[in-house]
Protein chains: 2
Amino acid sequence: MLAAEELGYHVNHLARGLMRNESGIVCLIVSEVATPYRSALLGRLTLNLQNAGKVAMLINTDRSDGSVDRALQQALRYRADASIILSGLPDRSITQLCLRNGQRLVLINRDDDQQGPLRINLDDHEAGGRVVSAFVRAGCRRLAFANSEAGTPSLMARERGFVAAASALGMEVIVERHGWTGYEAGSVLGRRMLTAKERPDAVFCATDLLACGFMDVARHQFGLSVPNDLCVAGFDDIEQASWSSYALTTFAQPIADIASRAVDWLSEMPQEDGHAVAQPITLKAEMIWRNSIRAKGGTGNASTVIDGSE
Amino acid sequence: MLAAEELGYHVNHLARGLMRNESGIVCLIVSEVATPYRSALLGRLTLNLQNAGKVAMLINTDRSDGSVDRALQQALRYRADASIILSGLPDRSITQLCLRNGQRLVLINRDDDQQGPLRINLDDHEAGGRVVSAFVRAGCRRLAFANSEAGTPSLMARERGFVAAASALGMEVIVERHGWTGYEAGSVLGRRMLTAKERPDAVFCATDLLACGFMDVARHQFGLSVPNDLCVAGFDDIEQASWSSYALTTFAQPIADIASRAVDWLSEMPQEDGHAVAQPITLKAEMIWRNSIRAKGGTGNASTVIDGSE
DNA sequence: TTGTATGCGTTATCAA
DNA sequence: TTGATAACGCATACAA
């Protein structure tokens, strides 16, 4: 050991991987790395992987020019033991490719129906229902859902859950979708929905970023007060949601839990009976109450709700 | 090729790396991945690396329990060809270790004085001076600088530049430092500096996150108007700086430029004459004018400045 | 042009 | 317990 230290010797993992047929490398396949939720999850995953003695290889799938495939090919060439996909990208071929090459696979918030990979999802659908209750308790009457056009399973589940719970109470929901899941899309949706004749008094945004954009437009361009004139809810609990300019009521992604579940599963002894089939995990998104939804009662009109008549 | 496709064959980079004595792996050593500026840079770097046919290995240096060293050891074991350090962590031993093991090294915003690595820095010092001019033009008289206790070279350079330019005009600067470079520290600094007897009417925050926290406190807890009662400038031009709740005047990190310079240098044929000595690169931080600094003149008092009498 | 042997740094196996 | 040897998949040098 002393001699090794003195000579600056380090085991060569390339050679070791060659022998053992396992590299210790885990691929993180992710798009939109710079987004608050994604980068938070990414940070946590890398930390956990390191603690488990593994190392993270980052594959950025932002570019659409086929570099995704190239990047993934790269990963395969390094004989990564596993891949964790946190990209919203619904490209089925990618997951297939990983599996075919004997990688273990973790799908986060992708709700894929494939067998083999570990799937970690949230109770998005039910969360939508909880927002309806909150809005109704606040005395809101015109509910709206602001979504992106990304069409990610989790985003759509939130929308469906929200709409379903509302119509169970006899309420209709104004649904609009636009662009990508960011601040800019939120402000576009805000302008569109707030200029419409039937202006909503409560909006559930599929994402905190959308909510921030929506709120800023509502306040600064339409002079509305949140939560007095307009109640807003988001999803993800990104750091900005807690900033006092927003104080957004939202749902927390259980990032720590997601990360440790994923890494724990990867650290288990790989069962050799063909492809180990993992039980899908559904985590609960805790509702974080802040100040973008009124506690009780409306601005002036309607304090009792649930009549369904418009 | 057809046969290879059919058999699902991929070159084994572990074996290739063993032979060629270069792995194609580049380590990204980064702390606070979830921070807007860091994650943006990270995203860009990975993209560029992928385009250059290399692959990024992410080392998260957040934990203080010595896992940094362990992580770096990991990287060495994989025989990474190079490391890019975007961590503010001023740990000299890390860079030494990389160099000793024949890695090429890129230091971003670290202003280290070592020979060998490529150093990419901004003109932080000069930027500080530009803010003073802007504040003076706006008619501000009590200048302040809000910094974190991190003591990163680039942060300190901004502070020194700001203070130097101010005292060249005969103005003193209130300097406060607290905690880490985030929103929370910004709000603490805001509370501290705005309750002081000598309340500033202009503050340069070392970071956009600090600025956001400072602004929120100023507005929501002290009822101040930005930029009328208080001018604010930040640094980094994170996405949130452009959100209409902040409209922060700040300096843009030339992220695309930084990333391509770094990757280009790594892609050059490695000169074999010992350790190639790279010319340090200093990039200009462009000032992004938004709405947190008044255009001209003060609120009411003082329209001419530069008298130095307090 | 095509084929064969050798070495890269490990680890696993088998013989001493 | 210790020491020699083969094999992992690729690249190179040399022979055919």
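Every chain is numbered from 1 and lettered A, B, ... according to where its sequence line falls, protein lines coming before strand lines. The shown structure was predicted, so the numbers you read here are calculated from the model rather than taken from an experiment.
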**Message:** Assess whether a salt bridge exists between A/E159 and A/R177, defined as any Lys/Arg side-chain N lying under 4.0 Å from an Asp/Glu carboxylate O.
**Reply:** yes
If each end axis of the helix from C/dG3-D/dC14 to C/dA16-D/dT1 is fitted on five C1' pair positions, the angle between them, to 10 degrees, is 50°
Query raised in the report: Would one find more than 12 heavy atoms of other residues, nucleotides or ligands at under 6.0 Å from atom CD of A/E286?
Result: no
Ordered by number, residues from residues 11-21 of chain A within less than 4.0 Å of DNA chain C (heavy atoms) are A/V11, A/N12, A/A15, A/R16, A/M19, A/R20
Is there a side-chain contact between [X] and [Y] in this structure, where contact means two heavy atoms from C-beta onward sitting under 4.5 Å apart?
X      : Y      : result
A/M57  : B/V55  : yes
B/V106 : B/W265 : yes
A/R16  : A/V11  : yes

task: Verify the distance criterion only: is there a donor paired with an acceptor across the side chains of B/Y37 and B/N109 at less than 3.5 Å?
output: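 Present: a donor and an acceptor within the cut-off.
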Quiz item: Do A/D208 and A/T250 have side-chain atoms, one donor and one acceptor, less than 3.5 Å apart?
Solution: yes
query: How long is the line joining NE2 of A/H10 and C1' of C/dT10, in whole Å?
result: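 Nearest whole value for this atom pair: 16 Å.
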Quiz item: Does OP1 or OP2 of C/dT10 have a side-chain N or O of A/Y9 closer than 4.0 Å?
Solution: yes
Open item on the list: Using the rule given for side chain to side chain contact (heavy atoms under 4.5 Å, CB included), can you reason through A/R261 versus A/L283, listing the C-alpha separation, both sets of side-chain angles and the distance that settles it, and then say yes or no?
Closed with: CA-CA 10 Å; A/R261 300 273 197 144; A/L283 264 27; 3.9 Å; yes
Carefully, step by step, assess B/L210 and B/T181 under the rule side chain to side chain contact (heavy atoms under 4.5 Å, CB included). CA-CA 6 Å; B/L210 287 172; B/T181 325; 4.3 Å; yes
Its 5'-most and 3'-most nucleotides having an atom under 4.0 Å from a non-hydrogen atom of chain A, DNA chain D is contacted over D/dA7 to D/dG9
Output for pair (B/I59 CD1, B/Q73 CD), nearest 0.5 Å, gives 11.0 Å
